[in-house]
Amino acid sequence: MVEQLFHPKPGSKVRLSNFDPSDRGDYDRSKADDEEDALEQKLASLQERLYAEGKQALLVVLQAMDAGGKDGTIKHVFDRVNPQGVRVTSFKAPTPEELAHDFLWRVHKQVPAKGYIGIFNRSHYEDVLVVRVNDLVPRDVWEARYRHINQFEHLLADSGVRILKFFLHISKDEQKERFQERLEKPDKHWKFSTGDLPVREKWDDYMRAYEDVLSRCNTDYAPWYIVPANRKWYRNLIVTRTIVEALESMNPQYPPAEPDLDKVVIPD
Ligand code: ATP
Ligand code: MG
């Protein structure tokens, strides 16, 4: 079970130095790829059942430092799933209209409806990460947000939304390598932003802010998973397996067929 390995006990104080971003369990690439293949097929059929049933939703939250692999995770984990049943929302710096509301206003609107899988590429957690590290609001404002987030997620969970939150954990060295690759390969230049460099300089502040998120907002109803993400294939495996296990436990059912289908004759 993924559960015990990467999901810290709710309420426990998380120290990221205890989690190795290069961990790969007892997997090598080919064993992981075989398992990934089987899991992605399962994911596709579970998603179809979720959609057909139309009674529950799944929300997947992805958070990571720049180049942490949020985009790659979405691309690989969900590549067999029917796009009709999945909605990806990427949260950028808030617009003036969004800033004129409470911080969860723009988030709540994007929560998946029953039958759907919603993926958040960044999320309401930015409001206690980038916002905290850069003092974008006073301390008492962001301090209260951990509680607001837990209450919000509790509401969603009570409303039939299963929540899974993934922190894709890469090392600072791995980020450097990925930035370097973006600089060297012309087809990756578009992914490089010099604006990511000042964020990298604050790496330790971000790690502290992440540790608080992972300690204070890790609940039974909305668990955090700390995914070793230096190896992309292992990261994909852990995320896919966690999602498949959650969907299996949600156990979506096809709705009952219309009565007397066996007597239906299709006219010529
Ligand atoms: P990529 O990895 O492809 O660059 P990205 O998620 O980094 O994707 P960007 O458009 O580069 O996308 O960055 C989005 C930016 O918006 C991030 O710097 C993030 O910190 C910022 N952001 C998101 N939510 C908030 C928020 N609530 N307040 C302030 N900034 C935010
Ligand atoms: Mg970026």
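Along the sequence shown, residues carry numbers from 1. First listed ligand is number 1; within each ligand, the first listed atom is number 1.
- A salt bridge is absent between Asp28 and Lys31: the closest approach of a Lys/Arg side-chain nitrogen to an acidic carboxylate oxygen does not fall below 4.0 angstrom.
- Taking the six-membered ring for Trp and thresholds of 30 and 60 degrees, His148 and Phe103 have ring planes inclined between 30 and 60 degrees apart.
- Using a distance-only test at 3.5 Å, with no hydrogens or angles considered, a donor-acceptor pair links the side chain of Gln175 to the main chain of Asp66.
- At least one heavy atom of Pro94 sits less than 4.0 Å from an atom of ligand 1.
- Salt bridge absent: Lys176 and Asp173 never bring a charged side-chain N and a carboxylate O closer than 4.0 Å.
- Residue contacts with ligand 1 leave out His124, since none of its heavy atoms falls under 4.0 Å from the ligand.
- Partners of Tyr116 under the side chain to side chain donor-acceptor pair (under 3.5 Å) rule, at least two apart in sequence or in another chain, do not exist in this structure.
- Looking from atom 27 (N) of ligand 1 to the surrounding protein, the closest heavy atom is Asp127 OD1, 3.0 Å.
- Close N/O approach between Asp196 and ligand 1 is not found [any backbone or side-chain N/O within under 3.5 Å].
- Contacts of Val199 with ligand 1, taken as heavy-atom pairs under 4.0 Å, are absent altogether.
- Near Lys70, the atoms of ligand 1 lying under 4.0 angstrom from a non-hydrogen atom of the residue are 6 (O).
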Donor-acceptor pairs are to be reported for all side-chain atoms of residues 78-89 against protein atoms at under 3.5 Å, with residues two or more places apart or in another chain.
| from | atom 1 | to | atom 2 | distance (Å) |
| --- | --- | --- | --- | --- |
| Arg80 | NH2 | Asp37 | OD1 | 2.4 |
| Asn82 | OD1 | Gln84 | N | 3.0 |
| Arg87 | NH1 | Gln84 | O | 3.3 |

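- With respect to the salt-bridge test (charged N to carboxylate O, under 4.0 angstrom), the residues Arg216 and Glu143 qualify.
- Aromatic ring pairs are classed by plane angle as parallel below 30°, tilted from 30° to 60° and perpendicular above 60°; the pair His7 and Tyr225 is tilted.
- Looking only at protein heavy atoms, the nearest one to atom 30 (N) of ligand 1 is Val130 CG1, 3.5 Å.
- Regarding atom 1 (P) of ligand 1, its nearest protein heavy-atom neighbour is Asp71 OD2, 4.1 Å.
- For ligand 1, the polar-atom distance check finds an N/O of Lys92 within less than 3.5 Å of one of the ligand's N/O atoms.
- A donor-acceptor contact shorter than 3.5 Å is absent between the side chain of Gln56 and the backbone of Gly160.
- Panel note: side chain Arg231, backbone Tyr234; no donor-acceptor pair is recorded below 3.5 Å.
- Interface of Val131 with ligand 1, defined as ligand atoms under 4.0 Å from a residue heavy atom, comprises 28 (N).
- Distance from atom 6 (O) of ligand 1 to its nearest protein heavy atom, with residue and atom name: Arg122 NE, 2.6 Å.
- From the protein, the heavy atom lying nearest to atom 20 (O) of ligand 1 is Glu126 OE1, 3.0 Å.
- At under 3.5 Å, a nitrogen or oxygen of Ala93, whether backbone or side chain, sits near a nitrogen or oxygen of ligand 1.
- At least one heavy atom of Arg106 sits closer than 4.0 Å to an atom of ligand 1.
- The distance from ligand 1 to the heavy atoms of Asp66 drops below 4.0 Å at these ligand atoms: 7 (O).
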